2 protein chains.
Amino acid sequence: MPESVELSIADLTHVLEDFTRMHIRLPSERRLSFTTLSVLHTLAGSGPKRLTELAGSEQVTQSAITQMVTKLERDGLVERHPDPSDGRAVLVHVTAAGAAIVDGRRAERMARLSELADRLTPAERASIAVALPALARMVELHERPTGEDDAAAPEAAGTGTDTPRESTRRRR
Amino acid sequence: MPESVELSIADLTHVLEDFTRMHIRLPSERRLSFTTLSVLHTLAGSGPKRLTELAGSEQVTQSAITQMVTKLERDGLVERHPDPSDGRAVLVHVTAAGAAIVDGRRAERMARLSELADRLTPAERASIAVALPALARMVELHERPTGEDDAAAPEAAGTGTDTPRESTRRRR
DNA sequence: CGAACTGTATCAGAAACTTAATTAAGTTAC
DNA sequence: GTAACTTAATTAAGTTTCTGATACAGTTCG
């Protein structure tokens with residue numbers, strides 16, 4: 001791999017902006033707002049969370065999360081469980097039905113990206129494949145701004161295809 | 001470059017989802033909704049557009065765009081100009097103040113990505129740099145579905161307000 | 001224990017979006 | 001040339017989603 005190549009942050013920002021806009025406007029079968037889908041995604045990805053945690057990660061008020069969770073619960077997409085370690089708190093779990101929605105949307109995204117990737121050259125696809133671990137590590141660094149730096153581990157096959165979740169494990 | 005490396009679409013989808021969520025919740029100085037910011041981004045990036053074009057690209061109704069543009073115009077972020085080629089249409093232009101907001105947010109994103117990139121190894125940064133042209137081409141392929149091979153679907157014309165309740169997009 | 005703090009719920013009101021109806025300009029057919 | 005149709009934008013009314021303020025229960029600390 002050529003280490004002499006310089007990474008243009010401006011180009012990276014542009015590309016990620018474009019992918020963001022391309023990703024977001026994917027229509028959803030059920031009438032769920034973007035924030036609602038994002039909450040389901042968070043719960044499916046990182047396990048049960050408190051309402052205050054969700055409010056923080058989605059950058060909406062705690063009041064909005066309470067109302068949204070109430071509606072999601074009525075629709076059977078999440079469940080409220082008491083937090084055994086804190087009588088005030090509620091842990092929101094995603095149900096199988098809720099996870100199915102997240103998975104369905106991911107499948108649609110994969111289908112769309114697959115079509116696009118098919119039209120790239122093998123060399124282009126390979127260049128993306130090589131870069132994926134580094135991109136994944138940027139996300140990880142963002143989620144854990146401090147804390148111990150793991151070794152770089154630039155092994156290409158590292159990010160598990162079938163083991164999607166392990167990044168955020170929280171003690172209680 | 002090794003052409004033998006296979007690109008995992010599942011991994012790519014996951015990484016892009018994470019970047020999307022990381023990008024979106026970036027706080028904005030002024031109180032502008034995501035859709036509003038997206039419209040400003042579109043106008044700043046691709047020049048003046050009709051209201052119907054904006055409604056199509058943002059996947060909201062024409063009515064919502066009209067109301068949003070009215071408010072943006074009141075705030076001096078966009079301007080309405082008559083379309084010389086069609087007396088019914090209006091062309092929405094972004095003003096300098098509107099472009100400044102887009103640029104400001106991009107600068108914030110670049111600063112954040114810069115911090116993260118600094119903590120990667122040179123080899124990791126290089127791998128991303130090598131992959132950027134391919135990623136940019138994926139976005140381009142998405143925006144212009146008519147490639148070299150087949151004429152595919154035009155997709156542009158009839159999108160109107162086609163009852164987004166059930167399934168918004170119809171393929172042919 | 002009591003005071004201060006934290007996590008959640010509730011309610012009124014604001015903001016953003018949708019549907020439906022309206023106005024106006026352009027296009028097509030007779 | 002005018003009637004009928006289509007397209008672009010606006011307006012009005014109603015719904016959903018979010019914020020701000022407040023209340024209340026559980027926790028922490030003096």
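This one's a predicted model, so the numbers in the text were calculated from it and none came from an experiment. Proteins come first, then strands; the chains are lettered A, B, ... in the order of their sequence lines, and each starts at number 1.
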Checklist line | DNA chain D: 5'-most and 3'-most nucleotides touching chain B, 4.0 angstrom heavy-atom criterion | finding: dT7(D) to dA12(D)

Notebook entry, point to check: Where the side chain of R125(A) meets the backbone of A117(A), is there a donor-acceptor pair that is under 3.5 Å apart?
Noted result: yes

Notebook entry, point to check: Nucleotide by nucleotide, 5' to 3', does protein get under 4.0 Å of the base (B), only the sugar-phosphate (S), or neither (-) in nucleotides 8-16 of chain C, counting heavy atoms?
Noted result: BBBB----S

Notebook entry, point to check: When clusters are formed by joining ILVMFWY residues with side-chain heavy atoms under 4.5 Å apart, either directly or through shared neighbours, do V60(B) and I24(B) land in the same one?
Noted result: no

Check: So, the side chain of R137(A) versus the backbone of R119(B): is there a donor-acceptor pair under 3.5 Å, distance only?
Finding: yes

Check: Is a side-chain donor or acceptor of E124(A) paired with a backbone partner of T121(A) at a separation under 3.5 angstrom?
Finding: yes

Next item on the list: Using a heavy-atom cut-off of under 4.0 Å over every strand shown, decide if D83(B) touches base, sugar-phosphate, or nothing.
Entry: nothing

Checklist line | Side chain T20(A), main chain T20(B), donor-acceptor under 3.5 Å | finding: no

Margin query: If we ignore hydrogens and angles and just use 3.5 Å, is the side chain of R80(A) paired with the main-chain N or O of E73(A) as donor and acceptor?
Written below: no

Notebook entry, point to check: 5'-most contact on DNA chain D: G87(A) or Q59(A), nearest heavy atom basis?
Noted result: Q59(A)

Check: So F34(B) and F34(A), would you call those rings parallel, tilted or perpendicular, with 30° and 60° as cut-offs?
Finding: parallel

Check: Are any of the side-chain nitrogens in D86(A) or R50(A) under 4.0 Å away from the carboxylate oxygens of its partner?
Finding: yes

